[in-house]
Amino acid sequence: MNEVVTEAGESGAEATGWSQENLQKLLASMKGILPKDDKTKPYKKGLKAVDWDKVAFPPFSAGECQERWKRLVRKMRRFRTLPELLDEAQELLLNPFFDKNIHPDLPKPPNPPKMTYIRKCMSRYARKNPGVNVVLMTKTFSKDYEKLSDKKKAKYAKKYRLAFEEYSRKMNKFCKENNLRVPIKKKKHKKRVTLKYEGDDKDKDFPREPPWHGFGLFISEHSSGVTGGEPSHGASFIRVMSQHWKELSENEKQKYNKRCAQMKREYKAKLIKYLDRLDEEEKQQLIEEKEIRIPKKILDQHKMHPGEPMMPSRSGFIYFHLDILKHAEKSMPRKERFEKAREEWHKFSEAKKNHYAKIVEENMRKFAEELPAWFQTLSEEEQGDYLRKKPDRIVFLQKYIDEKREPLDLHSDEKTSTTKVATRASARLRAKKDGNMFKVHH
DNA sequence: CCCGTTATCGGTCGCACAAT
DNA sequence: ATTGTGCGACCGATAACGGG
């Protein structure tokens with residue numbers, strides 16, 4: 001019952017064998033086969049060089065490892081945000097030579113043809129006319145260069161090309177000698193990694209919104225990230241896939257639609273579960289931050305009423321995390337603390353987890369007392385309104401309602417079936433009057 | 001350290017594509 | 001408005017010149 005909430009999104013872990021431990025093993029294995037000195041290879045290139053047969057470990061095949069990594073990395077950001085850069089900048093400032101620590105052997109790129117020409121003319125002209133306007137000269141000689149014959153321009157261009165080749169050679173050598181990443185030469189091989197905030201790593205367990213329609217699910221599941229990259233129809237990916245979509249039978253399309261609908265239901269449930277363990281302020285903040293679109297009705301369902309006791313979290317981990325927060329130094333970023341707590345929690349013994357399970361139990365017991373106590377302070381109208389908005393609370397209030405509505409029934413265990421029917425019928429009538437408060441229950 | 005010039009690299013962002 | 005892909009547009013930094 002008190003299984004770690006953060007695992008909620010990995011429900012398929014057991015089925016596939018990719019447990020937390022095995023995932024750690026995978027990463028360690030990948031690290032192990034990486035070339036030692038090369039810390040600066042760009043991601044795509046580095047990945048290409050990975051020998052998955054060497055990464056593989058029982059019971060997983062090379063292909064399975066590769067596929068799991070691709071799935072994992074899709075959930076990660078591979079660029080830095082401004083706040084992160086600011087943190088980095090602050091660290092950089094601590095280095096007193098931060099802006100002067102350029103390697104003395106770093107090759108310098110040659111000047112472009114036009115600049116070479118401008119510089120040549122400028123120094124010649126300035127020697128004869130001291131005190132001339134630099135800016136004006138630059139502009140003038142720039143125009144002069146345009147008027148030059150193609151032959152002369154080609155001469156400058158060739159010189160530049162040669163100088164640049166020399167520079168590239170030097171740069172390659174320099175990079176190799178200093179274990180730096182070599183610059184990418186050809187533009188056409190430039191490949192951008194998909195950028196998407198697939199949820200900040202602040203909360204990995206934050207549920208991911210499924211596609212809106214069956215078609216979206218179809219597209220999503222046939223992307224290279226899921227299938228392993230074979231189809232990859234390039235930029236025409238969507239075009240090709242939509243063609244395939246058209247070729248699907250009505251039945252097959254329905255299957256996607258239905259599955260998508262199911263995913264959406266699960267998402268909604270997970271989202272509510274997630275939001276429920278936050279307080280009102282945090283919830284609003286998160287909703288704004290993530291631009292979560294939740295129907296107002298559902299939001300209403302989860303709005304706190306004045307004085308309403310808050311339903312405690314059913315996850316032991318949450319309480320453990322709170323304990324950690326009390327003692328941890330505040331300088332550590334939130335997400336880091338959260339991660340650390342997660343790790344520790346995983347290492348916990350059943351006995352220690354049990355300690356927190358007891359806290360959960362105790363808090364739930366208290367809540368089960370407090371809620372009816374608060375509930376009875378409401379007017380009948382408010383009570384009906386409350387139950388309509390939060391039908392799940394009925395389990396804590398049923399007893400109170402029964403006692404209040406049918407105090408006589410408490411003693412009559414041996415009622416005839418006819419009176420039972422009559423009682424239920426009258427309850428239904430009352431419920432209708434009071435705002436259908438029992439409708440949700442039956 | 002600014003002006004003013006240009007080619008290059010690294011990296012981000014916007015866009016098109018079709019269906020719902 | 002979303003689903004994944006990849007292209008091109010765009011930005012900033014960089015080199016040299018030398019006087020204010």
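Labels below follow one simple rule: chain letters A, B, ... track the order of the sequence lines, proteins then strands, and each chain is numbered from 1.
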Aromatic contact between F396(A) and F367(A), with the criterion being ring centroids under 6.0 Å apart: yes or no?
yes

pair R127(A)-M122(A): side-chain heavy atoms closer than 4.5 Å:
no

Which one of R259(A), K258(A), K264(A), E266(A) satisfies the side chain to side chain donor-acceptor pair (under 3.5 Å) criterion with Q262(A)?
E266(A)

Tell me whether the side-chain N/O atoms of S220(A) come closer than 4.0 Å to OP1 or OP2 in dG4(C).
yes

Between dA7(B) atom P and E166(A) atom CD, what is the distance in whole Å?
21 Å

Give the rounded distance in Å between these two atoms: CZ of F237(A) and P of dC7(C).
15 Å

Spacing between N172(A) atom CG and dT8(B) atom C1', to the nearest angstrom
15 Å

Output the rounded distance in Å from NE2 (H222(A)) to C1' (dC17(B)).
18 Å

Students often mix this up, so state it plainly: with edges at 30° and 60°, are the rings of F60(A) and F57(A) parallel, tilted or perpendicular?
perpendicular

Hey, mind stepping through E166(A) and R161(A) against salt bridge (charged side-chain N to carboxylate O under 4.0 Å, His left out) and telling me if it holds?
CA-CA 9 Å; E166(A) 171 71 8; R161(A) 227 178 45 238; over 6 Å; no

Would you please classify the geometry between the Y156(A) ring and the Y117(A) ring as parallel, tilted or perpendicular, with 30° and 60° separating the classes?
perpendicular

Return the value, rounded to whole Å, for the distance between atom OH of Y256(A) and atom P of dT3(C).
16 Å

Between the side chains of S168(A) and E165(A), does any donor sit under 3.5 Å from an acceptor?
no

Roughly, in whole Å, what's the span from CG in N129(A) to P in dG19(C)?
12 Å

Would the distance check show the side chain of N133(A) and the main-chain N or O of L136(A) forming a donor-acceptor pair, the cut-off being under 3.5 Å?
yes

Can you find a pair of side-chain heavy atoms, one from Y160(A) and one from T116(A), that are under 4.5 Å apart?
no

Determine, for K253(A) against E247(A), whether the closest basic-nitrogen to carboxylate-oxygen distance falls under 4.0 angstrom.
no

What is the separation between atom CG on L217(A) and atom P on dG4(C), rounded to the nearest whole Å?
10 Å

Is a salt bridge present between E209(A) and K270(A), judged by a nitrogen-to-oxygen distance below 4.0 Å?
no

Selection: residues 134-142 of chain A, any non-hydrogen atom under 4.0 Å of DNA chain B
V135(A), T138(A), K139(A), S142(A)

Touch check for F164(A), heavy atoms < 4.0 angstrom, all strands: base, sugar-phosphate only, or nothing?
sugar-phosphate

Enumerate all atom pairs, one protein N or O and one N or O from nucleotides 18-20 of chain B, separated by less than 3.5 Å.
| unit_1 | atom_1 | unit_2 | atom_2 | d |
| --- | --- | --- | --- | --- |
| dA18(B) | O3' | S242(A) | OG | 3.4 |
| dA19(B) | OP1 | K246(A) | NZ | 2.9 |
| dA19(B) | O3' | W245(A) | NE1 | 3.4 |
| dT20(B) | OP1 | W245(A) | NE1 | 2.8 |
| dT20(B) | O2 | H213(A) | NE2 | 3.2 |

Any residue of residues 107-124 of chain A with a heavy atom less than 4.0 Å from an atom of DNA chain C:
K108(A), N111(A), M115(A), R119(A), M122(A)

